Undergrad: 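Just passing along the structure, written as structure tokens.
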Amino acid sequence: MYYLLIFENTFTIIETEKKIIRSSKKFSDIVFENLTLLFAITIIVIVVFICFEMFKDSAISREKFGFGFITSEKWDSVKSDYGALTFVYGTVVSSIIALLIALPISIGVAVFLTELANSITKTTVSFLIEILAAIPSIIYGFWGIFVLAPFMRTSVQPALQSTLGFIPLFQGATAGFGLLTAGIILAIMITPIITSITRDVLKAIPVSQREAAYALGSTKWEAIKMALLNAKSGILGATILGLGRAVGETMAVTMVIGNKAQIKESLFEPAYSMASVIANEFAEASGGLHVSALIEVGLILFGVTFIINSLARILIYSFTRKAQAR
Amino acid sequence: MTDYYSMIKNNSGRRKIKSRIMLTLCVTAAMLAILPLVYIFFYTTIQGASSLNLEFFTELPKPVGETGGGMANAIVGTLTLVGLGSLFGIPVGIMAGIYVTEYSKSLFANIIKFVTDVLSGIPSIIIGIFAYGVIVIPMQRFSAYAGGFALGLLMIPTVTRITEEMLKLVPHTIREAALALGIPRWKTTIMIVLRTASSGIITGILLAIARAAGETAPLLFTSFGNSFWSSSLDGPIASIPVQIFNYAISPYDEWHRKAWAGAFVLIALVFIVSLIVRLATRNKFSQSA
Amino acid sequence: MSELILDNIDNNYVSVIPAAEHSTAAVEESHEHLKYTVETENLAVSFFGREAISDINIKYRSNTITAIIGPSGCGKSTFLRALNFMHDLTPGAIVSGTIKIHGKDISEYDMTDVRRRVGMVFQKPNPFPTMSIYENVVAGLTLHKRHKKSHLDETVEKSLMLAGLWEETKDRLKVSAMALSGGQQQRLCIARTLAINPEIILFDEPTSALDPMSTAKIEETLHILKKDYTIVIVTHNMQQASRVSDYTSFFFLGKLIEHSKTRTIFTSPKQKLTEEYVIGKFG
């Protein structure tokens, strides 16, 4: 108590001694600053509002099916019995396929861009990759229907079947439209984002580290491998961000996945994804429960992408901060 | 006893070969990544450009069985939707970007940045559901407003990010110079800082617009689609991507050709805008160097 | 151990402060009839609670050039920037004390008005990159309120002439300011400041980024400007201080050690610290 008193006394003395010069803010300045603040807050409000809407509009379905919604395979609008498991399965499996293909390729491209290419090649390749990211997904889907799916049916899938056919994943009819084709389309679509972030992450690693590796007699690849190992949390972030894109991708997947609500062992079989079912059925949904169930699928999709993206951002932020600190 | 020298030598030879192999794989990866792009680009051009004619830009779609016709209403529709989206998305994006760089304390700036990232990560189909819930349901009809709103929401994160990054490039000394002349802060921000960053921001906005023009999922149940001219903004309206989608999943060859022509228009748009952005940002770099 | 030494140094210099005040007072007395354009009382600036400068009591006369010298980090620029609210943008900065312009406390003025009366030229030339030479010069006017074209033309000519840039630029006023050389850009910045017709002009190491020729030109300009303006210049270069200034203030570790006529500072300083600094023993 005594100390506090002393502290308070000295504190007040300091306060009275100092005359702080504060600049008087103009009214117009205050207006403008608060206006920009208002717009910034608008973004937060929108995101909160999106969560709220998704939650509110899925209420009927959530009350009716409870947690069973996620574990049920049924999706029957005639009997009004809905469950999201098949869609979750389709989304998860197609995204995993996409990652398995896109990750090594993206890392390869990123290494190529940071370590190997001369400046003209670098500019050209990164420009092309940028365009790859900017092509509308409807065009990927369209191309998928007319080029990729037939190619998968006639060449890739038979080849896989004859070599790896002993694995259940590669058995069954080769329809062309299905999980594997969706996964490949997704892989093409998420390669640019994983590449560009991996490239930035590699760039953030100081040259001195690579020089040190060379000085110890490393080959070029060994030096690069060390850089990649150092950047692994950043690359992981990039990968997860790519996963977020793949999970939320709608049109391209809708056009090649086959749109059949089923869970089959084979990757050649048609399936259905969360985003696709919303895209296909929402506009013509029959009745409140159907719409509500679709929105609940949307809510799950939103939750999953939210968690994935947050995780990715945290990893990338912390990596870049660490790299800057070095 | 052991020939260490040759061991090291052999080992280093193997390491060199491994290095060579891995580097070759990286080059292969780069080629593999670009292959689909080249394929899609040329395929769309060949399929699309041959079906592209004046009619495509001036005529309404024809029913099944009739040849000819175009996508004029969808082109105008996409312009309308993107225009509406820009009207909403660009001001919000720019102002929020200004707030983050010019006024915000670091914690709040980080919160806004994070939320902007969250918004950019939300799948566009969800944005569609949201626009459906807040505009289509209360209005009781599909409308251009709903589609435009959805596109605007999708543009916000891109515009905010690019504004933020471009404003950060403006040297602090420029702000000081303006303030030292007795120019009020808000005028400094708009007339000096924003103007200095304007070329970068404009190219970023172009990119956001090109992206929005190609969005399909959020329009499926907001602006819906229309085979005729739309007379007002509170009714369903056609758009190129949705039209492509409807044609693509149809069984008719004639419609497929139309869809390829539409796809070609979208790809050309994306390509031209990306090229402009590239050239503009390259100029920026050479200026600062 | 090192902290201990630092503490000692700090105490030593704190103890010389009363003497410094005394010397200021002496100068004051002998020139009492002259008008003071700028006065500060107990001026202090802190960043996040750490004091950068404190107890600055100083008075500047009209139509004089005062140089502020001192080693890096002594608070020269911090002091200069306090005079026209430039710390407003710096997060965590608190300015306390009193600043008077022509005897009137600046907290009674509007912030932008203070800045219009106290112009500032910065270390690195910073013309507005998207504007032409002409637009740069009139920026302070046109962004304040509407002006007649004839008035603007006149101001541009007058300001550029004073800054010694008119001959070089009169035929290409519409060209981007970035097309000028570094030295020309700095003179453009001076012209830009002159256009708003301030009473005091602060120069924050205006020639440190320039070549000797450009430096000489700007020093020439300073002499011309002295007729109409009160000038305060922070400089790293002691020759420059002795060449251009009438008065010199010596700052050290955030304190004003000595303020006197330039000749006195450089030939017979009262403080030992000042003497050590001007003969190059440290800094």
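Throughout, protein chains are lettered first and strands after them, A, B, ... in sequence-line order, and every chain is numbered starting at 1. Source: prediction; values computed, not measured.
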Undergrad: Is it the backbone or the side chain of B/Ala210 that comes under 4.5 Å from a heavy atom of chain A, or both, or neither?
TA: neither

Undergrad: With under 30° as parallel and over 60° as perpendicular, where do the rings of A/Phe32 and B/Trp186 fit, or are they tilted in between?
TA: tilted

Undergrad: Between B/Thr189 and chain A, which part of the residue has a heavy atom less than 4.5 Å away: side chain, backbone, both or neither?
TA: side chain

Undergrad: Anything under 30° is parallel, anything over 60° is perpendicular, the rest tilted; go ahead and classify B/Trp260 against A/Phe142.
TA: parallel

Undergrad: Side chain, backbone, both or neither: which part of B/Ile267 has an atom under 4.5 Å from a heavy atom of chain A?
TA: both

Undergrad: CD1 of B/Ile122 to CG of A/Leu301: how many Å apart, nearest 0.5 Å?
TA: 10.5 Å

Undergrad: Using heavy-atom distances under 4.5 Å, tell me whether B/Leu220 contacts chain A through its side chain, its backbone, both, or neither.
TA: both

Undergrad: Find the distance between OH (A/Tyr317) and NZ (B/Lys113) and round it off to the nearest 0.5 Å.
TA: 6.5 Å

Undergrad: Salt-bridge test for A/Glu130 and B/Arg278: reply yes if a basic N is under 4.0 Å from a carboxylate O, no otherwise.
TA: yes

Undergrad: Which atoms of B/Phe224 come close to chain A, meaning under 4.5 Å heavy atom to heavy atom: side chain ones, backbone ones, both, or neither?
TA: side chain

Undergrad: Chain B heavy atoms under 4.5 Å from A/Val31: which part of the residue, side chain, backbone, both or neither?
TA: neither

Undergrad: Please state whether the side chain, the backbone, both or neither of B/Ile190 comes within less than 4.5 Å of a heavy atom of chain A.
TA: side chain

Undergrad: Passes side-chain contact (heavy atoms from CB on, under 4.5 Å), A/Ile50 versus B/Leu119? Steps please.
TA: CA-CA 10 Å; A/Ile50 291 175; B/Leu119 185 59; 4.2 Å; yes

Undergrad: Of the backbone (N, CA, C, O) and the side chain (C-beta and beyond), which part of B/Tyr247 lies under 4.5 Å from a heavy atom of chain A, both, or neither?
TA: neither

